[in-house]
Every structure is written in structure tokens, then in C-alpha cells.
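Below is one structure, written out as C-alpha cells; the observations come after it.
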2 protein chains.
Amino acid sequence: MLRENLTVAIEDYLKTIHELTLTDGRATTNRIAECLEVTPASVTGMIQRLASADPPLVAYHKHHGAKLTPDGERAALEVIRHHRLLETFLQQTLGYTWDEVHAEADRLEHVISEELEERIAQSLGNPTQDPHGEPIPNRELQLPEQSWVRLSDLAPGQRAAVQRVGSPTPELLRYLSSIGMVPTTGLAILDRSEFDDNLRIQIENQPEPVVLGLKVTQQVYVEVV
Amino acid sequence: MLRENLTVAIEDYLKTIHELTLTDGRATTNRIAECLEVTPASVTGMIQRLASADPPLVAYHKHHGAKLTPDGERAALEVIRHHRLLETFLQQTLGYTWDEVHAEADRLEHVISEELEERIAQSLGNPTQDPHGEPIPNRELQLPEQSWVRLSDLAPGQRAAVQRVGSPTPELLRYLSSIGMVPTTGLAILDRSEFDDNLRIQIENQPEPVVLGLKVTQQVYVEVV
DNA sequence: TGGGAAATTTAGTTTAGCCTAAATTATATT
DNA sequence: AATATAATTTAGGCTAAACTAAATTTCCCA
Ligand SMILES: [Mn+2]
Ligand SMILES: [Mn+2]
Ligand SMILES: [Mn+2]
Ligand SMILES: [Mn+2]
């Protein structure tokens, strides 16, 4: 099953399975259903089709979720490269803000040709990160190893640089912009509240510290310095 | 039936019906089928769906082809604006040549948002023509009146400027580039052959005249000067 | 270790959009 | 006006991708 006969639905499933495998360690039927906003029954149907495709795109064991085959992995990375290049292009070249790029890229990613992918990459100077700090697979579809530490895992006294934002909803992104917390920004943990795990954080170049709850700090990944 | 629930197939049908109506004066089942490379039976099925949509997008009289309703016309122009803006953008901003832009635009036209349409238009300075010389509907979806004269209709002695190229296949476009005949180029008819209607033409800035057959001259539209 | 809740799969439908083959209608020619 | 040919529609079928409802399996805990 070459790239040409992958449908939009299939590409979305592969991308979701890839991302769930990275974040959760596995991709279960119900999690996939949640991410794609379809019913679990629909996911089972699709997983079974993907597993019996030629060549198979996922390995399927009843009641135990889906795992990408090398072919499925390659197809997923291709879509992810499209997505992240598009997000970067929309921001750099067309003046979108980082909270506006996702929905547009989510549709365009399935229809751009390899030619357009390459021209976009060239015109941007082959970027390695998208606006949310996510790494862009290179031309050979390789991703750098990611060492991920959640902001929520830091202890008072630690210093770090913002790396990327996971599940970047427009609302979260606009909020982060407003407090000056974007990829590469430096920060220092001042203290942690007893019960609710709120963090008081001093953000680089900001006059006042902010207090952030888990809803925010679990979505922000950092590099400890 | 708002823009949101128009499928790719529907948009392609509406666009084709619009273009056939302009070029042939009407859109028959078989011509639509040819253009879209589907069977006539499929076209009948789709026309009937479009006619009974709410609101109807075409007027349908059995055995007499389809005519766009105002709603259908609006939807068609929306897709055509997308298509021609995209072609222009691909050429101007990403360095595509005029024979490469069509296929890419044909897929992208269905998935870009109004927001992206507007940003592309802005970044290009609201162009009024695409790379093939076709007019781009403005923001209100108005098209300028077109006075079309085919190059093949000119008589020896007449002078004209190239306006646009109809049904622009990549092969035709590459050929026209190679002889220096692109929109706005000036030319003069030297003479016409007796039986085959070949035209001998002097093209502006070219050392030698060229002889072109109907296959070419019927696809090139000009403005007599 | 045996239920019960949660997760997952099966079975049966639906809709869009295409197909082929056969039937029908329009048009053109004599 | 009758008939041949071309254009179009009808009938029936297929695949992709979704859904709901019911059945089944897994897993966790008392
Ligand atoms: Mn998508
Ligand atoms: Mn690619
Ligand atoms: Mn199209
Ligand atoms: Mn538009």
C-alpha cells in the first residue's frame, strides 16, 4: 500500500497511533477513538483493515490495541513532516500566530505533494522545529531522540528552557503567549504548593512570577539547564 | 447547504459545470463526465443529488444537462477563486512554473480556509489573473466580463496580445513557454494556410516567425489591438 | 479467585460516490 | 415518418468510513 492510496482517514489514524505510542507508550482502541472523535467500534474496524492491508500498516492483537509496522511508521512520519512544515510555513511566511496554524495544517497535510513539501522546506531553510517546538522529521523521516521532562515534574530551585507544548489547543497557546512562555524561553521554579501542585515560576523577561496549575504545567515540556 | 458541507466531489462538479457553461454555453451529462473522468451514469446521479439539495445547487431537466442556481454559482466561484489564487501563489512565492501549478491547486482548492484564502490574496497584493491569464474572482466573487477571441479566429495582418490559455495541459504550456508565447505577449498574424488553417505568426521579441496548428491556436485567447 | 466494570469487538445499518449493464429518450438521416 | 445512433437515465452493486446496539473479553479488586 503505497502513499498514493492512503486515504485521509487512514493517514489520521496512523498519525494518532504514532503520537499515542510516544506519549502513552501504547495506542489503545479507546484512546484512538477519543483523539479522532469517533466511536471505539469504528476504530476496531479501521485497525483491522490496516492490519490486513498489503503490506500491513499496523500489527493487531485483539483487545490489545495497535502498533505501527515499519511501513505504517514511515507513512505516519510522512504526514507528521507535512503537518509541522505546514505549521511553520503558515507562521513564517503567511503571518499566522501559533494558535491558528494547527487546524489549517491538519487539512493541508493530506493533500500536498512531495514536490510542495520539498519547496516549503527549502523556502524555510529546512527547519527542525515547528511553532510549538515539536521536532520536524527530516527528509529521511528521522526524528531526533526526545528527552522529555514535564514542567510539572520540576522542583523549586530548578532552572529550565521551554522546549515544546503538547496537545496545543488554541486557548492554551494564547494563554502561554500572554504570559511570555514560548519555546526557548528560560524559567526558574520558585516554589510548589502543598496540595494542588501549583508552581510559582519566574519567566525570563517578565516582571512578575506566575502561578500555574497542573492543567498547564503537564502540557509544557522543558529542558533542564 | 452551506460551504462547509460541500464535499470535494461536489465542488469539482460545480466548478466543471461553471466552466463548461462558459466555454460550451451549456453543461451536458457527457461533457461533465469527460471533464471529471467519471461515467455519465455517475454524473446523472450527482446532478440529481445537487438538484434536490437544500438549497438546490443546480437546475435539472432530464436529458438536458445542468444549470447552476445562484447558490451553485456562488459555490463554484468560491472554488475557482481558491484555485487561481493558489496557482498564482505557487508560482510567485514558491517558484513553480506555470505548467506545474494546476494539479497541486486542484487538490488544495478544496481544503484551504477563508482565512488562508485571504492571507494568500493579501500576500500577493490581490492579483486579478492567474499564471495562465485566467481572471481571479474578487473577494465578492465577481468576474470581469470576458471578451474572448481565439487566436485561431484572427486574419493575416491582425495584431493582438495574448490574454490567456484555455484547458492548460502541462505539455501545451511548456510548448508555449518555449516559443515565448505567454499572457501579455504581443503578436502579429503573417498568413494562414489554405486547408489546414495553420497560422504563421510573428511573436514579439522572437527572431523567427512560428507556424501553429488549430490544436494550439484554438486554446489561446487573445485581445485584438 | 470470582464478579463486575471497563474496554473492546461483532453485527447490522447508513451515506457518499463511484461502477457496469440495460433501458430509455432525443436527434439526425433518409 | 421510420429508424439508426447518440445521449442520458435507471437499476443494481461495490467500497470506504462512519454509526448504534449487543455481545464478548480483559482486568482489577474484594
Ligand atoms: Mn488530518
Ligand atoms: Mn513527504
Ligand atoms: Mn479539485
Ligand atoms: Mn473563499
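The structure displayed is predicted, hence computed values, not measured ones. Every chain is numbered from 1 and lettered A, B, ... according to where its sequence line falls, protein lines coming before strand lines.
If you take CG of B:D12 and P of C:dA16, they are 17 Å apart, rounded to a whole angstrom. In this structure, A:H61 places its NE2 atom 13 Å from P of D:dT26, rounding to the nearest Å. Spacing between atom CG of B:N5 and atom P of C:dA16 amounts to 11 Å, rounded to whole angstrom units. Following rounding to the nearest Å, B:I32 (CD1) and D:dT8 (P) show an atom-to-atom distance of 9 Å. C:dT9 atom P lies 13 Å from atom CG of A:L50, rounded to whole Å. Atom CD1 in A:I47 sits about 11 Å away from atom C1' in C:dT9, given to the nearest Å. The interatomic distance linking A:H63 (NE2) with D:dT25 (P) rounds to 6 Å, in whole Å. When rounded to the nearest whole Å, the span between CD of B:Q48 and C1' of D:dA11 equals 12 Å.
In this structure, B:R150 fails the cation-pi test against B:Y221, since its NZ or CZ atom is not both closer than 6.0 Å to the six-membered ring centre and inside 45 degrees of the ring normal.
Distances shorter than 4.0 Å separate some side-chain N or O of A:K62 from OP1 or OP2 on C:dT10. In this structure, A:N30 does not reach the C:dA6 phosphate: none of its side-chain N or O atoms is under 4.0 Å from OP1 or OP2. The shortest distance between the side-chain N/O atoms of B:Y13 and the OP1/OP2 oxygens of C:dC18 is below 4.0 Å. A sub-4.0 Å separation between OP1 or OP2 of D:dC19 and a side-chain N or O of A:T39 is present. Neither OP1 nor OP2 of D:dA7 sits under 4.0 Å from any side-chain N or O of B:T29.
Between A:I136 and A:T128, the closest side-chain pair of non-hydrogen atoms is not below 4.5 Å. Using a 4.5 Å cut-off on side-chain heavy atoms (C-beta onward), B:E134 and B:I80 make no contact.
Comparing D:dT8, D:dA16, C:dC18 by their nearest atom to the side chain of A:T7 picks out D:dA16. Side-chain atoms of A:V38 lie closest to D:dA18 of the nucleotides D:dT25, D:dA18, D:dT9. Here the nucleotide nearest the side chain of B:T44, chosen from C:dC18, C:dT8, D:dT9, is D:dT9. For B:Y60, whose side chain is taken as the heavy atoms from C-beta onward, the closest listed nucleotide among D:dA18, C:dT9, D:dT9 is D:dT9.
Between A:H64 and A:E37, the residue anchored nearer the 5' end of DNA chain D, judged by the nucleotide with its closest heavy atom, is A:E37. Comparing A:A41 and B:R31 by the nucleotide of DNA chain D that holds the closest heavy atom to each, the one mapping nearer the 5' end is B:R31.
In this pair, B:H102 and B:H132 present their aromatic rings tilted. The plane angle is within the 30 to 60° band.
Separating the CH2 atom in B:W98 from the CD atom in B:Q91 is a distance of 9.0 Å, to the nearest 0.5 Å.
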